[in-house]
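What follows is a single structure, written as C-alpha cells, with notes after it.
Numbering of ligands and ligand atoms starts at 1, following listing order.
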Amino acid sequence: MDYKNDISRIIDLFDKTSDFIHFLSFDGIIQQVNNTWITNLKYAQDEIQGRHIDEFVHPDYRQAYHDYREKIMNGKGAGERFETALVAKDGKIFYLDGSIDFFYRENGQSYTRAVLKNITQRRKAEIDSLKNEKRLRTIIEHAPDAIIVINEEHEVREWNPKAEQIFGYSKEETLNRLLFELIIPVNLRDAHKAGMQRLLSTGVSKIINHTVEVPAIHKNGSELIVALSITRFEYDHKWNFLAFIDDITKQKQTETELNENKKELEESRILDQQKNEFISIASHELKTPLTTIKAYTQLMRREDEKGNFKNFHQYLEKMDEQTGKLTGLVQQMLDISKIESGQLHYNFTKINLNKFLHDLVGMLHHIITSHPLELQSEIKSTVYIDAFRMEQVFTNLISNAVKYSETGGTITIRAYEVHHEVIIVVSDKGIGIAPEQQQKVFEKFFRVDQNLNKYAGLGIGLFLSKRIVNDHKGKIWIESKVGEGSSFFISLPTANS
Ligand code: ADP
C-alpha cells in the first residue's frame, strides 16, 4: 500500500473527530492535518503543506514540543500526555493536550502523529484565575493599609508590605506564627482570644465590620495605636479573618498634644479668672475691716474733742478685732504667694501636742465669744511640727467652724492616738458641705457657691491648711452632712514613729 494513501485513509477516519490531528515527517515537516485543524487554525491545506510545525506552535511551547517528540522517536515516553499551544492564522491561540505516536515505515520513512484535545477553555480559565490571583496579589502588595489574614487557629496567613512597615516584622517572620504573640499587647491577649472564640461560636463580635482604635506592639517593643477593621470569610470550610490596619500613632499623639494644650489653656484661663475674682474679693475683704477701723478712729477723735473717754475701751477692742482680721488676711495672701514661689519654709520642733492644743484653745476662748469651744484630748505623744504653721491650720479650722455655724453652736476639738498617729478633729454643728463639694474645698480659691454672699472669705484657708499638713507628712479630710455640721480630720505621725 502506498504511504500517502495510507495516511489519507487514517485522516478520513479522524476527520470527523473534534481532536486536532497532524502528521509530521521525521524532521518536523507537516505531512497532513485533519479538518478540525484546518477549520480552527484557519489555514488552507496548501498553506501548510511542507512547512515546519514550529511555525504553528506557540513560541513558549516550541522547546517542549521538540523535546517530547524527540523522546517519542527514541522509543520513550509512549502514552505520556503533553500540552502544547498552536497559533491560528488570525493569531488566536489554541491550547491542546494529548499524545504523540511514532510510526516507522519499512521503506525507511517515519513520521509522528499528534492527537490533541482542545483545552483552550479550561486553560484560559486557569490563566484568568492566575491573572486574577496576580491582580489580587498586586492589590494586597500595594495596599495603603496593612493587610493581615489569620485562620481560626490565630496563625498568620497573609502579611503585606505595609504590615511589614508598620510592625517591623517581615512576611517570612510572621507566616504561620500566632498573631497575638507578635503584635497584641500582653494585657490584651486574653481579651483577643476570648473575642475570637466568641466570634467563632456565636458569630457575634464588637469589631467585625467596624473600625476600632486599639494599641499594638511593634517588633522593637514600642507601642502603637492602630485603627483596625476586621472582616471574616470562609475558606476551605473554615473561617479566616482579614484585618485592615492603619497606623494612627502619630495622629493620636498630635490629638493628645492638642487636647493637652487646650486643657492647659483652659486651666490657665480658669486660674486667671480665679485670680481676678480673688483680687476683687481680697480688696473687698481688706476694705471691710479698714472701713470699720477708720470709723472707730473718727468716732474716738470726735469723743476725744468732747473729753468723753468712757467708750474708748470698747472701741479699742473692736479696732483690735478688725486689725486681727486684717493681719490674718494679709498673712494668708503672703503665704499663698510663698507657696507659689516655693518659699514656704518650716521650722520643725518636737512639741507636746496635748499642751499645744490646750494653749491654743485657751487663747481662742478669749477671742471667740460667740461659740463654746470644747477640747477633749487624750494625746500623750509628742509630734514633730512647725508650731506656728500648725497653729495657723487649727485656727483656720476653728474659725471656719465659727464662721459656718450659728452663734451658740458648740465647736469640739477632739484629739486621740491611733497606732503611730495622732488624729485631731474639729467639729461644728453648722451648715455642712455637700458630698460633691467636699474634695473641692481644699482647692485654691474654691468657695461653695451658695455661701459666697453670706460669708466673707478668700477660699485659701483650707488650701493652705492641706499644704501645711501634707508637708508634715499628715493627711486632712472631711466628714460632713448638709444642715448637720462638718468634721475636719487631721492625722499627723507621732515624733517617735
Ligand atoms: P474661706 O476663706 O472661703 O472660708 P476656706 O479655704 O477656709 O476659705 O474654705 C473653703 C470653702 O469651704 C468655704 O468657702 C466654705 O464654703 C467651705 N467650708 C470650709 N469650712 C467649712 C465648715 N466648717 N462648714 C461649712 N463649709 C465650710
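Under the 4.0 Å criterion applied to side-chain N and carboxylate O atoms, Asp128 and Lys124 are not assigned as salt-bridge partners. Ion pairing between Glu305 and Arg302 fails under the 4.0 Å rule for side-chain N and carboxylate O. A salt bridge links Glu155 and Arg157; the closest N-O separation between the charged side-chain nitrogens and carboxylate oxygens is under 4.0 Å. For Glu158 and Arg137, the salt-bridge test passes: some basic side-chain N is under 4.0 Å from an acidic carboxylate O. Look at Lys252 and Glu255 and you find a salt bridge, because one of the NZ, NE, NH1 or NH2 atoms lies within 4.0 Å of a carboxylate O, short of that distance.
At least one heavy atom of Phe488 sits under 4.0 Å from some atom of ligand 1.
The salt bridge (charged side-chain N to carboxylate O under 4.0 Å, His left out) contacts involving residues 346-367 comprise Lys355-Asp359, where partners must be two or more places apart or lie in separate chains. Residue pairs meeting the ring-ring contact (aromatic ring centres under 6.0 Å, His included) criterion with at least one partner in residues 167-197, sequence neighbours excluded, are His154-Phe180, His154-His192, Trp159-Phe167.
Taking atom 5 (P) of ligand 1 as the reference point, the nearest protein heavy-atom neighbour is Leu462 N, 3.6 Å. When only non-hydrogen protein atoms are considered, atom 26 (N) of ligand 1 lies nearest to Ile433 CG1, 3.4 Å. Of the protein's heavy atoms, Arg447 NE, 3.0 Å lies nearest to atom 3 (O) of ligand 1. Nearest protein neighbour of atom 23 (N) of ligand 1, counting heavy atoms only, is Asp428 OD2, 2.9 Å. Of the protein's heavy atoms, Asn400 ND2, 2.8 Å lies nearest to atom 7 (O) of ligand 1. Counting only heavy atoms of the protein, atom 2 (O) of ligand 1 lies nearest to Leu458 N, 3.0 Å. Among all non-hydrogen protein atoms, the one lying nearest atom 17 (C) of ligand 1 is Val441 CG1, 4.0 Å.
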Checklist line | Derivation of the side chain to side chain contact (heavy atoms under 4.5 Å, CB included) call for Ile413 and Phe394 | finding: CA-CA 9 Å; Ile413 299 105; Phe394 289 116; 5.8 Å; no
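Not one N or O of Gly432 is nearer than 3.5 Å to an N or O of ligand 1, by distance alone. Polar contact with ligand 1: present for Gly459 (N/O pair, distance under 3.5 Å).
Within 6.0 Å of CD on Glu234 lie more than 12 heavy atoms contributed by other residues, nucleotides or ligands. Residue-environment remark: NE2 (His284) stays at or below the threshold of 12 foreign heavy atoms within 6.0 Å.
Those atoms of ligand 1 that come under 4.0 Å of a heavy atom in Val448, given as number and element, are 14 (O), 16 (O). Listed by number with element, the atoms of ligand 1 under 4.0 Å from a non-hydrogen atom of Lys403 are 1 (P), 2 (O), 4 (O). If you number the atoms of ligand 1 from 1 as listed, the ones under 4.0 Å from a heavy atom of Phe446 come out as 10 (C), 11 (C). Listed by number with element, the atoms of ligand 1 under 4.0 angstrom from any heavy atom of Ile460 are 6 (O), 8 (O).
Here the shortest heavy-atom distance to atom 4 (O) of ligand 1, taken over Tyr404, Phe463, Phe442, Phe445, belongs to Tyr404.
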